[in-house]
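Counting convention: from 1, in listed order, for ligands and their atoms alike.
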Amino acid sequence: MQRFFVASCLTLLAVILRSSDTNALHVIGGSVKVVQGGTAILPCYVTDTNDDLTQISWQRRTRENPRNYIFFTASYSDGDRPQFFNEQFKFIGNFKDKNGTLQLLNVTLKDEGSYTCIFTLVPSGNQKTEMPLKVFVPPFTSVKDNLPTLGTEEVLFATCTAVGSRPPAEVRWLTGALADRVRTTRNYIHYDNGMTTTVSSLFGVPTGDINGHKVQCVISGDSLSKEETLPFTIQIYFSPREVNIKAISGDSFECVTEANPNANFTWSRSGQSLLQSAVRVEGAKLQLLNLTSDLNGLYQCEASNKYGRKHGQLYVHVPSVSPTEVNMKAISGHSFECVTEANPNANFTWSRYGQSLLPSVVKVEGAKLQLLSLTSDLNGLCQCEASNTYGRKYGQLYVHVASAASPTTVEAKD
Ligand SMILES: *[C@@H]1O[C@H](CO)[C@@H](O)[C@H](O)[C@H]1NC(C)=O
Ligand SMILES: *[C@@H]1O[C@H](CO)[C@@H](O)[C@H](O)[C@H]1NC(C)=O
Ligand SMILES: *[C@@H]1O[C@H](CO)[C@@H](O)[C@H](O)[C@H]1NC(C)=O
Ligand SMILES: *[C@@H]1O[C@H](CO)[C@@H](O)[C@H](O)[C@H]1NC(C)=O
Ligand SMILES: *[C@@H]1O[C@H](CO)[C@@H](O)[C@H](O)[C@H]1NC(C)=O
């Protein structure tokens with residue numbers, strides 16, 4: 001036991017001595033990490049030597065070429081114009097300072113491997129150092145909504161994915177107040193090229209009160225320069241619930257429901273088409289433009305989204321009125337108008353008692369009568385009939401033109 005201990009101490013001492021023997025000379029390298037597409041610096045230089053440097057060369061081995069091969073040499077006679085076997089590399093060291101540093105442009109996964117820098121020195125001979133080059137690939141990150149619908153069983157709400165990361169990315173959910181109402185899982189998918197896809201799923205019971213809660217997916221790892229946070233709002237989808245029709249004013253109505261996504265509304269009229277000229281439809285709103293009994297009937301509002309549809313009904317009843325008392329209004333000395341109230345509006349017909357209306361002496365336009373020339377031929381009783389589907393009423397106008405053509409009197413009689 002004792003002897004063994006002494007023996008190992010001696011070997012240790014020998015090792016230390018041997019290394020301090022050549023301690024004068026160091027080849028310094030490094031360990032390099034770079035993000036795919038970026039630029040890597042492969043540092044290498046010699047210190048503590050007065051030897052002559054005759055050549056600097058680099059070799060590497062990678063996944064594709066597992067045996068070391070030389071891809072760069074620079075000899076003293078080249079000066080600072082070294083030979084490259086690969087245009088991706090750029091010599092940024094300098095011979096005079098025994099600095100063999102290289103730059104590697106546009107790093108790809110294929111460049112990952114082990115790099116050896118070799119100095120040929122006189123009289124020491126070849127001195128080298130080996131360094132690893134690690135290539136990081138940041139992932140593509142996303143959150144996908146699984147569109148859960150209202151229910152009582154646990155379902156998948158969403159998945160958060162970091163695709164193609166190297167080294168593997170960590171994906172986790174920050175669920176805050178919902179922590180004890182949701183569950184998360186995590187899976188890694190490893191690919192042959194060394195990339196990993198990480199998927200984290202968020203599960204829970206899709207109740208109405210969980211709808212609208214905000215959570216976050218956090219992606220981290222060496223492949224990302226900084227942690228990435230993707231916000232997500234939990235949405236529970238459902239078809240339109242009960243449809244209510246609300247009166248906005250005497251002639252305007254609105255269809256109201258709850259749905260996610262918001263419902264689309266369609267108004268229709270039971271048994272016939274909507275009269276485009278008599279109603280105006282704007283989304284959930286229906287406006288009756290002319291309150292006539294023509295509009296009477298059953299109207300239906302359909303609320304729908306991709307999960308279903310519900311209907312609401314509106315019964316329109318505009319009371320119908322037959323023409324009320326007919327009044328004769330003088331518009332001017334020889335123009336008169338027949339006035340009444342009716343629903344639907346009344347039609348007017350003028351006639352002359354005992355004889356026909358002479359188109360050469362009177363002009364009729366709906367409720368209006370105009371006497372064109374004031375001659376005694378016009379004398380007599382004119383009658384206006386106001387009618388609609390529900391009834392009719394009459395008004396009378398007594399015309400008397402003095403035979404001398406002037407003065408003229410015209411009397412209205414109701
Ligand atoms: C070697 O060269 C690189 C690139 O020019 C430089 O950054 C580095 O400081 C040099 N090292 C030494 C020890 O001179
Ligand atoms: C980097 O390499 C990729 C793949 O080899 C290539 O598509 C891209 O054009 C290169 N970019 C530059 C700046 O060389
Ligand atoms: C509605 O009333 C307006 C004015 O009151 C009228 O111009 C229009 O023709 C009416 N439309 C229908 C369909 O009755
Ligand atoms: C609702 O209306 C929008 C816009 O008009 C349309 O893109 C969508 O497809 C409609 N949805 C349904 C369920 O009809
Ligand atoms: C009123 O007149 C319109 C147009 O001339 C006609 O279509 C309608 O049937 C008439 N209504 C009545 C009650 O006579």
A.B. asks: Within a reach of under 6.0 Å around CD of E341, are more than 12 heavy atoms found that belong to other residues, nucleotides or ligands?
C.D. replies: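 Open.
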
A.B. asks: Could you grab the distance from atom OH of Y237 to atom CG of N305, nearest 0.5 Å is fine?
C.D. replies: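 So the gap between those two atoms works out to 10.5 Å.
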
A.B. asks: Taking any residue with a non-hydrogen atom under 4.0 angstrom from an atom of ligand 1, which ones do you get?
C.D. replies: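 Protein residues near ligand 1 are Y45, I92, N99, T101.
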
A.B. asks: Under a 3.5 Å cutoff, is there a donor and acceptor pairing between the side chains of R60 and Y69?
C.D. replies: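 Result is yes, a qualifying pair exists.
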
A.B. asks: Please examine the side chains of T161 and K144, heavy atoms only from C-beta on, and report whether any two atoms are closer than 4.5 Å.
C.D. replies: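 They are not in side-chain contact.
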
A.B. asks: Under the disulfide (SG to SG under 2.5 Å) test, which residues partner C255, sequence neighbours left out?
C.D. replies: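 Per chain and number, C255 pairs via disulfide (SG to SG under 2.5 Å) with C301.
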
A.B. asks: Kindly indicate whether the side chain of W58, heavy atoms from C-beta on, has any atom under 4.5 Å from the side chain of F91.
C.D. replies: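 Not touching, per the 4.5 Å side-chain cut-off.
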
